[in-house]
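Down below is the structure, laid out as structure tokens.
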Amino acid sequence: MNAPVLSPGKPTASLDVERLRADFPILANVHPHGKPLAYLDNGASSQMPQRVIDRLVRYQTHEHANIHRGVHTLSERATAAYEEARHRVQGFLNALSDREIVFTSNVTDAINLVAHGFGRAFIGEGDEIIITHLEHHANIVPWQMLCEEKGAKLRVVPIDDTGTVLMDEYEKLFTPRTKFVSVTHVSNALGTVNPVDEMVRISHAHGVPIMIDGAQAVQHMPVDVQALDCDFYAFTGHKLYGPTGIGVLYGKAEWLERMKPFRGGGDMILSVTFEKTTYNVIPFKFEAGTPPIAQAIALGEAAEYVRGIGLEAIAAHEQALLAYATERVAALPGVRIYGTARHKAAVLSFYLGEVHPHDVGTLLNEDGVAVRTGHHCAQPVMQRFRIPGTVRASFAFYNTFEEADALVDSLRRIQKLFA
Amino acid sequence: MADSKQLYQEVILDHNRKPRNYGALGAPTHRAEGLNPLCGDHIWLSLRVDADRVAEIAFEGESCAICKASASMMTANVKGRPVAEAQALIEEFRGMVTGALDPATQPNHLGRLAVFAGVKDLPSRVKCAVLPWHTLHAAFRQQGTASTEGDQDPADPATH
């Protein structure tokens with residue numbers, strides 16, 4: 001599952017990037033400061049292809065009603081489309097059953113669901129939870145809150161100077177009190193691809209269930225949850241060319257069955273009296289209230305769109321782009337690259353000499369280049385490298401080598417300005 | 001729209017390169033620490049106030065160019081001024097970067113500080129420019145620390 005390591009240079013095109021770019025109207029519609037847009041902030045949120053936009057419009061114009069209980073035509077259409085989306089996501093992750101696919105708001109919501117549904121049921125005083133030093137705040141704070149409530153302890157796997165998780169240290173952290181592991185698949189701040197196959201194997205060797213945060217992974221590489229054998233996997237729609245407000249929690253049915261509901265309300269029940277409520281079956285037990293129906297349907301469409309292009313081809317293009325951009329940015333005087341792990345997704349995080357990342361971000365925008373600057377909601381990673389933040393260029397399959405050149409040209413101009 | 005081209009003018013780049021009054025005073029009467037936890041801008045101000053006048057002022061810290069230039073120009077501007085005038089200037093600067101005061105059309109004492117007027121069109125950078133001023137405000141009130149977040153947010157009119 002690790003991304004291939006390619007040498008720098010422009011490869012023969014395995015993707016027709018120009019044709020694919022035409023699927024994304026926003027890439028041509030927006031000209032920051034009159035310049036062509038080079039959208040290199042895909043790690044924060046990716047853009048939406050016309051096919052997914054059209055699916056949203058078709059739903060709202062031909063199919064919308066509330067789901068699951070209506071007896072009229074529209075409710076039946078909406079229910080069928082919503083459940084078809086679940087089925088598509090099941091296929092996208094190669095889950096065993098669509099009962100194992102829970103729609104959430106985003107990855108944060110999915111992790112909170114597991115922290116409550118699993119954590120509050122099975123983790124107690126003195127128990128231990130393992131995370132890594134690479135985690136996004138979304139995979140730190142819910143576990144800290146659980147630890148505080150239960151008197152449990154958070155154990156953190158250290159990383160080395162390249163941003164690689166120290167696997168020996170990971171294995172050493174397991175004790176008889178270890179009850180859960182939650183690790184990111186790909187670091188949002190540094191791009192490191194964690195050896196999740198190995199992490200799952202070690203976790204299971206100690207009899208401990210493991211959750212993978214796939215927010216930065218599913219858009220970059222094929223993910224097969226059955227092959228991976230993880231207990232939980234989460235990703236979000238808006239980083240996979242879908243809408244905001246929709247995320248996915250995959251959980252093995254055996255766990256989801258045993259877990260407590262996260263939120264109480266409509267749709268997650270079979271029957272309610274003032275004396276007792278019987279909860280619905282999975283996955284509905286975890287989907288209280290009217291869900292983001294349109295967003296779920298659009299996410300299913302986005303997953304099909306990405307499968308149609310092929311994640312192997314996407315990975316090959318993005319890896320070539322990353323190698324090219326890394327080589328060119330690293331050649332600028334005084335640049336420090338953060339995240340030099342052997343296996344990386346298309347994330348390039350750096351510091352431009354003495355120029356603060358926020359100044360770089362504001363000035364790149366002047367040249368039409370959109371990046372993220374700051375701590376990327378991963379403050380422990382920044383503390384590890386003793387920096388306030390980085391400039392992060394994060395690539396999608398629709399990005400071009402010319403856009404990497406635009407980034408470098410603009411960085412040169414900024415260096416001149418600050419010389 | 002005022003863009004960053006107007007913001008990153010030579011005067012700001014110069015103060016970033018060669019900040020004025022940089023360092024820490026030996027025996028300050030007032031001091032405060034300013035922090036923007038979101039971007040990591042972190043400055044320390046020290047002042048010697050004598051007969052209600054800012055006799056000496058110095059700053060140091062780690063920050064972006066906008067914050068450092070703002071701090072440098074602030075110290076140059078308030079040094080030697082009565083405290084009351086410095087406090088009025090704090091309000092004018094806050095007004096300018098939040099769009100409440102247009103230095104081109106409304107009476108003010110901002111002088112060359114008007115180079116920061118363009119910040120009001122870059123919402124993500126307002127806090128960078130205003131942090132030193134908020135820290136000065138905290139120093140005068142002997143508050144010790146100023147933050148751009150929480151109930152002390154200087155860019156939030158409700159806390160003015």
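The structure presented is a predicted model; accordingly, all values stated were derived computationally and were not measured. Each chain gets a letter, A, B and so on, in the order its sequence line appears, and its residues count up from 1.
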Validation row: A:Thr362, B:Arg125 side chains within 4.5 angstrom (heavy atoms): yes
Portion of A:Leu417 that has a non-hydrogen atom of chain B nearer than 4.5 angstrom: both
A:Asp359 side chain to B:Ala65 backbone, donor-acceptor under 3.5 Å: yes
Which portion of B:Leu13 sits near chain A, non-hydrogen atoms under 4.5 angstrom: side chain
Stepwise side chain to side chain contact (heavy atoms under 4.5 Å, CB included) test for B:Asp41 and A:His356: CA-CA 10 Å; B:Asp41 283 351; A:His356 192 281; 3.7 Å; yes
Closest heavy-atom pair and its distance - A:Pro388, B:Gly40: CB-CA, 4.2 Å
CZ (B:Arg112) with more than 12 external heavy atoms under 6.0 Å: no
Pairwise distance NE2(A:His358) to SG(B:Cys67) - rounded to 0.5 angstrom: 11.5 Å
Residue A:Glu148 excluded, over 12 heavy atoms near CD under 6.0 Å: no
Atom CD of A:Glu149 with >12 non-hydrogen neighbours under 6.0 angstrom: yes
Which residues share a side chain to side chain donor-acceptor pair (under 3.5 Å) with A:Thr373, sequence neighbours left out: none
Part of A:Gln379 lying under 4.5 Å from any heavy atom of chain B: side chain
Whether over 12 other heavy atoms sit under 6.0 Å from B:Asp52 CG: no
Those residues of residues 19-37 of chain B, ordered by number, that approach chain A below 4.5 Å (heavy atom to heavy atom): B:Pro37
Largest heavy-atom contact set with chain B, pairs under 4.5 Å, which of A:Ala419, A:Pro357, A:Gly361: A:Ala419
